[in-house]
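Here's the structure we're looking at; comments come further down.
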Number of protein chains: 2
Amino acid sequence: MPTSKDVAQAAGVAQSTVSYVLSGKRPISEKTRKKVEDAIQQLTYQPNAGARALASRKTRVIGLVIPFIPELHMASIMEFVSVIASTARLYDHDILLVTEDEGAPGLQRVVGQQICDGLILMQVEGDDERLPVVRNLHVPVVLIGIPRDPSGLVCIDADFEMAGEQCVQDLAAAGHTVISVLDWQREVVDRHVNYVERFMAGTNKAAESLGVKVVHLPGGTDRDVIADSVDKALAETTGVPAFIAPDGTAQDVLRRALSSRGLTPGKDVSVIGSASPTLAELQPIPLSTIDLRPAEVSRRAVKIVCDLLQSDSRGPTESLELVPTAITHRSSTLRPSPGA
Amino acid sequence: MPTSKDVAQAAGVAQSTVSYVLSGKRPISEKTRKKVEDAIQQLTYQPNAGARALASRKTRVIGLVIPFIPELHMASIMEFVSVIASTARLYDHDILLVTEDEGAPGLQRVVGQQICDGLILMQVEGDDERLPVVRNLHVPVVLIGIPRDPSGLVCIDADFEMAGEQCVQDLAAAGHTVISVLDWQREVVDRHVNYVERFMAGTNKAAESLGVKVVHLPGGTDRDVIADSVDKALAETTGVPAFIAPDGTAQDVLRRALSSRGLTPGKDVSVIGSASPTLAELQPIPLSTIDLRPAEVSRRAVKIVCDLLQSDSRGPTESLELVPTAITHRSSTLRPSPGA
DNA sequence: ACTCAACGTCGAAGCGTATCGACGAAGCGC
DNA sequence: GCGCTTCGTCGATACGCTTCGACGTTGAGT
């Protein structure tokens with residue numbers, strides 16, 4: 001592998017000049033720049049990341065802590081991961097995977113060994129055990145998800161409360177007076193993942209202001225649980241029943257339960273699921289969805305870390321961003337009745 | 001951040017001694033080792049990755065090239081990613097994400113800048129444009145998937161041919177004489193991903209030796225396509241129909257098409273889907289599955305790279321490993337009739 | 001014509017680790 | 001008791017880059 005010294009030699013300049021051509025941190029004459037760039041081309045020189053990191057104290061790597069619990073909707077997690085990795089490249093950074101099972105020590109490891117310049121944590125719980133550690137890490141950390149106490153932390157997430165409101169408003173506008181909301185899986189609820197509560201709060205708020213009734217029911221992927229929830233919902237409803245299934249994993253089971261009871265979404269029942277535009281395409285039926293904007297959340301998370309990295313802010317930072325959500329109508333919900 | 005020099009000072013030894021304590025590459029007396037380890041503890045010393053990489057010419061990082069095309073079954077991709085990351089830690093390595101859209105230049109980048117010591121590529125196509133580059137990279141590369149010409153490459157994958165055989169054998173044993181196989185999505189088939197062909201070959205081979213009929217039909221997630229395929233299959237079948245859906249994305253749509261025709265899996269139709277044990281749990285019905293062993297494939301891929309890394313083999317290596325698959329019976333298939 | 005400020009380039013000093021050769025101290029056989 | 005190996009430690013150097021201070025060169029201003 002050629003080094004910058006080889007390039008310097010080939011171009012007839014000093015090694016430091018090569019470095020300045022690459023970094024642009026000092027003015028270089030057009031003539032010299034050309035000589036150096038030609039030499040780089042010819043030798044197919046690429047700077048050594050280790051040496052660069054050692055000298056500059058920047059690795060240009062961001063650690064991404066990913067969850068893998070089957071109860072989460074993996075397709076959507078993957079969308080986060082993928083967009084985060086692509087976006088990081090736009091900022092000339094790379095992504096290092098850290099699995100959630102490494103826990104807090106894992107964070108200390110990658111930061112302590114200076115493998116990463118910053119971190120992004122996914123699936124942050126209400127009282128995440130890693131939070132105290134995060135607060136004391138001297139590198140930028142962005143949380144995807146809002147913990148119970150976000151003080152001293154930088155957080156971003158979809159606006160789940162808005163999402164809840166939008167779903168209820170939408171169904172109310174279509175004439176539904178009783179709306180059933182399937183909860184996330186027990187495993188998720190029990191972790192006090194804050195978005196569950198925010199979503200539910202949104203549905204309640206909208207229900208109150210619109211004078212409709214919202215019924216919360218157990219969700220998940222267990223067939224019997226869902227069947228039970230559906231039966232309860234049907235019992236509570238006089239008109240056309242409506243369901244909101246914000247948890248991606250519950251959608252298939254719900255659809256199945258409805259269809260086995262002879263109910264067709266968009267005809268004798270309304271269903272709003274959750275999916276990004278990308279994933280909605282793959283649904284077995286044209287599902288009306290609430291888009292929780294995983295791609296946008298991912299992009300912003302990366303931007304925030306990179307901005308913090310650049311501003312080199314060592315002081316404690318704190319911020320909270322909520323990304324607006326949006327409903328997309330497909331044929332699984334009733335149209336608003338103009339007469340209503 | 002403390003350095004090894006600080007540790008040396010605190011322990012009253014030379015810096016090189018600290019290094020030898022950590023690496024174990026030279027004998028160290030019990031007394032000295034203890035002093036050094038205490039100092040490390042006290043200072044919470046962690047070696048600097050950049051400096052280590054620079055001096056040792058090893059980064060302890062493996063690049064993982066991930067696909068993100070919606071047509072793939074993302075939940076299963078995520079299972080690969082997650083297991084690969086965890087396994088890498090067992091070998092004291094980390095995983096750097098490289099997205100597929102960086103293409104061949106992306107590989108040259110991470111290897112050229114010496115960000116990684118080795119690579120794992122997922123979703124390798126039959127005539128992958130990256131193969132010529134891979135052959136000339138002077139680092140270990142493991143492909144998950146088998147290209148058309150695997151010469152000079154190290155490949156691993158599930159044994160899709162075995163999987164195809166097992167599915168057909170199983171359904172034949174349950175008394176089915178006509179078996180319909182849903183193909184992968186067009187987008188996947190058109191990329192000549194080799195596992196598609198291997199799976200189909202397996203089904204044909206078994207069909208021939210068992211004297212049953214295998215019908216190949218278009219798959220994917222398009223409702224109309226699947227509906228069409230189901231109708232064709234039903235027309236071809238006299239007894240109880242049987243379906244194999246090796247592509248995870250097609251399963252939901254297939255189930256829906258069957259149920260809307262009044263067919264119940266395990267009763268008047270047999271269905272074998274594809275899922276790892278982890279993911280099978282989350283299916284809306286107890287689906288009999290072919291397990292394509294993503295976790296095992298992942299573990300072995302990591303092991304192979306790490307072994308190659310250790311043996312430091314610069315010479316061209318070539319190998320091909322197939323991981324045996326297995327069928328798990330749940331209630332979506334008929335039981336073998338003892339009288340048959 | 002002379003001063004002074006850019007401008008462009010160079011040399012050298014680190015950054016923190018791994019590793020090689022050297023060297024004193026023991027332990028062995030004869 | 002002598003030379004010899006083995007053990008345990010040290011000092012020095014190399015790894016490839018960034019960055020700082022220094023220095024020669026121009027061109028503008030007076």
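None of these values were measured; they are calculated from a predicted model. A note on names: the letters A, B, ... follow the listed sequences, proteins ahead of strands, and every chain is numbered from 1.
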Expressed in angstrom and rounded to an integer, what is the separation of [X] atom [atom1] from [N] atom [atom2]?
X        : N      : atom1 : atom2 : value
A:Arg52  : D:dT18 : CZ    : P     : 5 Å
B:Gln113 : D:dC17 : CD    : P     : 11 Å
B:Lys5   : C:dA18 : NZ    : P     : 14 Å
B:Gln46  : C:dT17 : CD    : C1'   : 15 Å
B:Gln114 : D:dC15 : CD    : P     : 13 Å
A:Leu43  : D:dG16 : CG    : P     : 14 Å
B:Met1   : C:dG14 : CE    : C1'   : 19 Å
A:Asp6   : D:dC15 : CG    : P     : 11 Å

Original post:
Mapping A:Lys31 and B:Asn48 onto DNA chain C by nearest heavy atom, which one lands closer to the 5' end?
Top reply: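 Residue closer to the 5' terminus by nearest nucleotide: A:Lys31.
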
May I ask you to say whether [X] pairs ionically with [Y], meaning some side-chain N is under 4.0 Å from a carboxylate O?
X        : Y        : result
B:Glu37  : B:Lys34  : no
B:Asp94  : A:Arg109 : yes
A:Asp117 : A:Arg60  : no
B:Asp149 : B:Arg135 : yes
A:Arg293 : A:Glu321 : no

**OP:** Look at the side-chain N and O atoms of A:Arg57 and state whether any lies under 4.0 Å from the OP1 or OP2 oxygen of C:dG16.
**Re:**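 So the side chain of A:Arg57 is within the cut-off, an N or O lying under 4.0 Å from OP1 or OP2 of C:dG16.
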
Subject >> Residue-level proximity of residues 8-25 of chain A to DNA chain D when a heavy atom falls under 4.0 Å >> reply: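 Within this stretch, A:Gln15, A:Ser16, A:Ser19, A:Tyr20, A:Lys25 sit under 4.0 Å of the strand.
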
Identify each donor-acceptor pair in which a side-chain atom of residues 11-27 of chain B lies under 3.5 Å from a protein atom, sequence neighbours left out, and give them as a table.
from, atom 1, to, atom 2, distance (Å)
B:Gln15, NE2, B:Ser4, OG, 3.3
B:Ser23, OG, B:Ser19, O, 3.3
B:Ser23, OG, B:Lys25, N, 3.2

Original post:
Run the salt bridge (Lys or Arg N to Asp or Glu O under 4.0 Å) check on B:Arg191 and B:Glu100 step by step: do they pass?
Top reply: CA-CA 14 Å; B:Arg191 294 175 90 189; B:Glu100 204 176 59; 3.5 Å; yes

Subject >> Closest listed nucleotide, where the reference is the side chain of A:Leu54 and the choices are D:dG16, D:dG21, C:dG8 >> reply: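 Taking heavy atoms from C-beta onward, the closest nucleotide is D:dG16.
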
**OP:** Measure from the side-chain heavy atoms of B:Ala55 and tell me the nearest of D:dT18, C:dA18, D:dC7.
**Re:**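 Between D:dT18, C:dA18, D:dC7, the one nearest the side chain of B:Ala55 would be C:dA18.
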
